[in-house]
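In what follows, a single structure is set out as structure tokens and then discussed.
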There are 2 protein chains.
Amino acid sequence: MLREDRKRNTKERIVRTAIQLFKEKGYANVTVEEITRLCGIAKGTFFNYFPKKENVLLHVGNSYTELLSGIVHKPREGNLRDRVMAIFRDFLSLYLKHADILRLVLIESIQSATGSADEPTNLAVFQEAIRDLLEEAKNEGALRSRFDSGVCASVLVAIFYQTLISGSASADEAAMAAILQEQFDAAWEGISDE
Amino acid sequence: MLREDRKRNTKERIVRTAIQLFKEKGYANVTVEEITRLCGIAKGTFFNYFPKKENVLLHVGNSYTELLSGIVHKPREGNLRDRVMAIFRDFLSLYLKHADILRLVLIESIQSATGSADEPTNLAVFQEAIRDLLEEAKNEGALRSRFDSGVCASVLVAIFYQTLISGSASADEAAMAAILQEQFDAAWEGISDE
DNA sequence: GGTCAATAATGACTATGGTCATTTTTAATT
DNA sequence: AATTAAAAATGACCATAGTCATTATTGACC
């Protein structure tokens, strides 16, 4: 259907323009009117596509999907543990490289996850990718674990976000990576020595 | 100083009134003007105390401090692992009992944690309490772990928040408790069987 | 190609968060 | 009690997010 194509097109144009402006001037300094003006549409149209200004941020997240996928599927050396940790370090690096926007995207994604979700959130997609990785490793014998892969993925992802949240105050990448590593180790080997 | 007393008093009155109204009508349906009207102050005064409307939510969180402390220090039976898990279950229960507001408080706390923080956040306070608990257990010999208590606490807290965030979409308390338990076990014993 | 219902765009309008120059209150000092 | 400088309260004001009744566009059907 042609209608659908145009709608998708307009939506994408809005997102693209919004990202552009957010990067230039920062989220708070960009008005909806400015976005629509640059898109050549009326202000009201924006709200036909996104119920709130913040909602664009969710779609900004989507534009990173390919990058994330690239990181997950990049071929890596070493044992599973190191490989997984390397993935997280790459994620961290990517996050910090675009921290200004991604910080907002993260918050918004969390927020949308707590509300009754319609679409699967970015967070869920990420977690799913890690789960698949672990599951595959299990099947190949690279991981022995009595816990469900989904549960393990959830734990690892939780730690990752925790690091982003509590670390992004001040710490530099190296410090955050170290924090992440420590927690990662603790979860991987178990908090208790039994 | 008398000045200080009055200021503290006004601030508290604002917070109290805000909580009251938020519970009655929901955060989004309460205007700043309404809050100040009920407090008998001018609208502008509100912003002398809180830079943004949302910032009251951070202080709403503070009003739960005693409850949280009560849960942490409540005497409990069983081994450390079960005791810690029981604390988390009580936290979960408390959270769900006031989910409407606490959901917003949680988001706001996370948000303030990502910005350059001035005061220690609610999140940090919570984590600190768990760390102290673990540290004490270590000293008493109730916990043997090669990991730092702070790191362990961070992992556990991360899992807890993760559960709140991803669970609060639909699940009931029992389901969320089960999810929490699984992840807790995985982190406590270690994801890998080695 | 004319008709019509569904879909989408529009922009005037409203509500409210947040600002700020001005006024009022406070309490220290003489 | 008069003076004064700092602190706090005030409310008119502005910017902008979000609404909604109206208008324009689309494409299916005859």
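Per chain, numbering begins at 1; letters A, B, ... match sequence-line order.
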Do any side-chain atoms of residues 64-75 of chain A form donor-acceptor pairs under 3.5 angstrom with protein atoms, and if so which ones, sequence neighbours left out?
unit_1	atom_1	unit_2	atom_2	d
A/Thr65	OG1	A/Asn62	O	2.5
A/Ser69	OG	A/His73	ND1	3.3
A/His73	ND1	A/Ser69	O	3.0

- [ ] Determine, step by step, whether A/Arg83 and A/Glu77 satisfy the salt bridge (Lys or Arg N to Asp or Glu O under 4.0 Å) criterion, reporting the C-alpha distance in whole Å, the side-chain angles of both residues, the deciding distance to 0.1 Å, and the verdict.
- [x] CA-CA 7 Å; A/Arg83 264 155 40 217; A/Glu77 300 293 313; over 6 Å; no
So, using side-chain hydrogen bond (donor to acceptor under 3.5 Å, both in side chains) as the criterion, who are the partners of [X] when residues are at least two apart?
X        : result
B/Thr10  : none
B/Asp90  : B/Arg76
B/Ser166 : none
A/Ser93  : A/Glu173

TODO: Any pair with a residue in residues 10-42 of chain B that passes ring-ring contact (aromatic ring centres under 6.0 Å, His included), sequence neighbours left out, goes on the list, sorted by first then second residue, please.
DONE: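 Only B/Phe22-B/Tyr27 qualify under ring-ring contact (aromatic ring centres under 6.0 Å, His included).
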- [ ] Determine, for nucleotides 9-17 of chain C in 5'-to-3' order, which nucleotides have protein heavy atoms under 4.0 Å from the base (write B), from only the sugar-phosphate (write S), or from neither (write -).
- [x] BBB----SB
Task: Selection: residues 14-25 of chain B, any non-hydrogen atom under 4.0 Å of DNA chain C - done: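 DNA chain C contact set from residues 14-25 of chain B: none.
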Task: Residue pairs involving residues 130-142 of chain B (criterion side chain to side chain donor-acceptor pair (under 3.5 Å); sequence neighbours excluded) - done: B/Glu135-B/Ser149
- [ ] Mind jotting down which residue pairs meet the side chain to side chain donor-acceptor pair (under 3.5 Å) criterion with at least one end in residues 33-59 of chain B? Sequence neighbours excluded, please.
- [x]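 Those involving residues 33-59 of chain B are B/Lys25-B/Glu34.
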Open item on the list: Using a 4.0 Å cut-off to any heavy atom of chain B, which nucleotides of DNA chain D are the first and last in contact, reading 5' to 3'?
Closed with: D/dA6 to D/dG11
Open item on the list: Test of understanding: with side chain to side chain contact (heavy atoms under 4.5 Å, CB included), list the residues that count as partners of A/Asp5, not counting sequence neighbours.
Closed with: A/Arg8
